[in-house]
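First the proteins, then the strands, lettered A, B, ... as listed; each starts at 1.
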Number of protein chains: 2
Amino acid sequence: MSVATVSRTLNNQETVDADLADRVRAAAAELGYRRNGLARSLRLQRADVWALIISDIANPFFTAIARGVEDVAQREGFSVVLCNTDEDPAKEAQYLEVAEQEQVSGVILSPNEIGSDISQLTRLGVPVVAVDRPLRERVDSVLVRSAAGAQEATEHLIDAGWRRPACITGPETAQTAIQRLTGYRRALVARKKRPAASLVRHADYRADRAATATAELMDGRNPPDSFFVANSEMALGVLQELRRRGLRVGEDVGLVAFDNAPWTAFTDRPLSVVAQPAYEMGVLAGELLIERVGVPLDQQPAPRVRRLPTELIVRGSSLRP
Amino acid sequence: MSVATVSRTLNNQETVDADLADRVRAAAAELGYRRNGLARSLRLQRADVWALIISDIANPFFTAIARGVEDVAQREGFSVVLCNTDEDPAKEAQYLEVAEQEQVSGVILSPNEIGSDISQLTRLGVPVVAVDRPLRERVDSVLVRSAAGAQEATEHLIDAGWRRPACITGPETAQTAIQRLTGYRRALVARKKRPAASLVRHADYRADRAATATAELMDGRNPPDSFFVANSEMALGVLQELRRRGLRVGEDVGLVAFDNAPWTAFTDRPLSVVAQPAYEMGVLAGELLIERVGVPLDQQPAPRVRRLPTELIVRGSSLRP
DNA sequence: TTGTAGGCGTTATCAA
DNA sequence: TTGATAACGCCTACAA
């Protein structure tokens with residue numbers, strides 16, 4: 001028989017005789033034949049692969065997103081290749097180029113910078129979905145209402161009786177860090193308090209920097225009595241420094257942090273957190289992508305932005321005795 | 001000029017006139033040309049890509065391995081596609097097939113089962129490195145001296161004054177779980193204690209199962225006064241159940257767990273842990289792979305097994321007041 | 001329903 | 001030093 005018949009059989013086309021098809025399949029199984037995905041993709045001008053480019057594989061928030069993306073991809077018949085940029089713009093650029101060279105049919109990206117250059121991809125018609133962080137270029141985006149979540153958390157601190165909440169947020173270049181700071185400030189205004197720059201620190205989303213920031217704040221002239229912290233990594237640093245000073249969270253000091261990391265329920269006191277719907281974000285990003293892959297450029301929808309709400313989970317650390 | 005000249009230029013071959021080469025590069029830049037990686041790989045019969053197939057992306061141990069692998073790969077000019085099997089043998093089989101179809105030049109795998117079928121890959125001459133868990137098939141492996149680490153941890157509990165250490169380990173099918181249980185038993189023997197089956201539980205490496213196991217043990221006729229726990233995920237479950245009972249770790253109960261997860265230093269008391277050299281394991285796996293990719297089958301070294309030591313880090317949770 | 005043949009974008013061989 | 005050309009393995013229009 002001919003290669004065409006084999007190809008048709010293996011692609012489950014109707015136009016092949018059942019008996020013949022069976023013989024093909026039997027032979028394929030016998031010989032352990034696997035088709036060459038490279039050749040197939042080259043011919044088809046598309047690979048059934050998505051690139052998921054995330055900025056920190058060690059962060060449970062991003063791994064939860066990855067799981068969401070993966071589940072959608074699997075359901076729709078795509079493989080996901082996961083790339084980790086470690087917050088390094090150079091690595092990000094490299095992986096974007098790899099995605100292009102490998103002709104992936106879609107990219108989901110948590111950009112390191114709002115200006116990350118995806119123009120090559122879009123020019124080629126490869127759909128891109130931004131996740132967690134916005135992109136200047138107009139593409140589908142799945143974001144979180146960070147400011148609202150930060151505001152709710154900070155207001156909760158004040159309503160629980162704390163009088164001077166400080167804010168430890170991420171780097172000044174990160175949109176999420178800026179938004180969380182904005183939310184913190186809005187909460188102070190809403191509760192008739194004067195936002196003080198001396199109560200704010202940018203600690204690059206890292207634990208050790210957060211510990212240092214905490215020490216600075218506590219050693220200041222008018223130290224805070226509570227903390228709103230913009231991610232769980234930094235919360236570890238804050239906890240460490242407070243313990244070093246013999247201060248108990250939920251007792252001597254109030255604390256709320258972003259991200260419902262698995263361990264947050266197990267510290268002493270259990271951490272009050274602003275939970276982000278990370279898994280759902282991944283699912284949504286995948287679904288937005290699905291609606292674009294294989295769709296001609298002139299029939300594509302306008303860029304869509306989905307903003308998901310956070311959920312404040314009150315545990316012990318934010319309450320006053 | 002011809003495509004051949006362009007190809008030679010872009011591959012930095014010497015045999016092309018400098019002026020011409022400059023014109024090629026200028027034109028390429030102008031047009032935003034990117035070579036098609038698929039076509040290249042098809043022609044070359046190899047893709048400069050490794051598949052890293054891990055069993056749980058949410059586990060910091062595996063993400064640390066991934067970073068190690070990535071760093072080596074980057075250094076050597078390979079991309080890494082990361083695949084997450086979620087401990088699901090079906091997903092693992094699917095990703096192994098994808099790796100084969102995409103003609104990756106190497107695979108690093110933490111197998112779900114010792115019997116995972118990699119014969120297709122090896123038959124095609126694609127080198128495979130097993131990491132964290134052994135494979136029945138004889139391939140390069142990077143393992144940890146789990147039993148020794150478990151024994152050291154358990155002996156440390158006893159030496160600290162605890163009299164009845166229990167063991168909460170992983171599923172009976174997992175080699176790592178079996179080895180850690182073995183180490184626990186050896187410690188008891190070495191310290192002249194009778195290992196009792198009633199003090200051992202298999203909790204599938206999951207927090208909720210570990211919490212249940214802890215409850216069972218504590219409600220038993222002769223409850224333990226301390227715990228050796230085979231991973232950090234389960235340690236969270238143990239901590240939760242102990243707190244529910246008003247018991248303080250490092251005070252009323254002793255606790256040592258495998259894995260130096262980022263949060264373990266921040267619980268109350270800080271957790272004593274058996275640290276695994278996860279990042280180094282990734283690096284080593286990558287280096288073993290490097291020595292095989294591109295090497296003809298008949299010149300390949302015999303399968304090598306590297307066993308790395310653990311390190312006991314004593315913090316507060318394992319000490320008696 | 002089946003077979004033939006062209007081409008996807010590269011790289012490598014050979015001749016010029 | 002350069003160019004023409006034949007693969008790599010696959011899918012598909014077209015012919016039979």
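In this structure, of D:dC11, D:dG9, D:dG3, it is D:dG3 that holds the atom nearest to the side chain of B:Arg8. Among the nucleotides D:dC11, C:dA12, D:dT2, the one closest to the side chain of A:Arg35 is D:dC11. Of the candidate nucleotides D:dA6, D:dC10, D:dT2, D:dC10 has the atom lying nearest to any side-chain atom of A:Ala39. Taking only side-chain atoms of A:Met1, from C-beta outward, the nucleotide of D:dT2, C:dG3, C:dG9 with the closest atom is C:dG3.
Between D:dC10 and A:Tyr33, a contact under 4.0 Å exists linking OP1 or OP2 to a side-chain N or O. Note on B:Ser2: every side-chain N or O is 4.0 Å or more away from OP1 and OP2 of D:dA4. When the side-chain nitrogen and oxygen atoms of A:Gln101 are compared with OP1 and OP2 of C:dG9, none of them lie within a distance under 4.0 Å. Within the 4.0 Å cut-off from OP1 or OP2 of D:dC11, at least one side-chain nitrogen or oxygen of A:Ser7 is found. For the OP1/OP2 pair of D:dC8 and a distance below 4.0 Å, the side-chain nitrogens and oxygens of A:Asn36 include no atom meeting the criterion. Between B:Thr5 and D:dG3 there is a side-chain N or O to OP1 or OP2 distance below 4.0 Å.
Each of B:Ala4 and B:Leu38 was assigned the nucleotide of DNA chain C with the nearest heavy atom; the assignment lying further toward the 5' end belongs to B:Leu38. Residues B:Val3 and B:Leu44 both approach DNA chain D. Their nearest nucleotides, taken by heavy-atom distance, put B:Val3 toward the 5′ side. Two residues, B:Ala18 and A:Arg40, neighbour DNA chain D, and the one matched to the more 5' nucleotide by heavy-atom proximity is B:Ala18.
Taking the charged nitrogens against the carboxylate oxygens, B:Asp56 and A:Arg67 do have a contact shorter than 4.0 Å, which makes a salt bridge. A salt bridge is absent between A:Glu97 and B:Arg35; no separation between the charged side-chain nitrogens and carboxylate oxygens falls under 4.0 Å. Using a 4.0 Å cut-off between charged nitrogen and carboxylate oxygen, B:Glu287 and B:Arg75 count as a salt-bridge pair.
Here A:Gln13 lies in heavy-atom contact (under 4.0 Å) with sugar-phosphate atoms only. Within the nucleic acid shown, B:Arg34 comes within 4.0 Å of sugar-phosphate atoms alone, with no base atom in reach, counting heavy atoms only.
With the end axes of the helix from C:dT1-D:dA16 to C:dA16-D:dT1 each set by five pairs, the angle from one to the other reads 40° at 10° resolution.
Donor-acceptor pairing under 3.5 Å is recorded for the side chains of B:Glu137 and B:Thr122. Looking at B:Tyr205 and B:Thr176, their side chains do bring a donor and an acceptor atom within 3.5 Å of each other. At a cut-off of 3.5 Å, with distance as the only test, no side-chain donor of A:Arg34 or B:Gln101 sits close to an acceptor on the other residue.
Rounded to whole Å, the distance from CG on B:Leu42 to C1' on D:dA6 is 13 Å.
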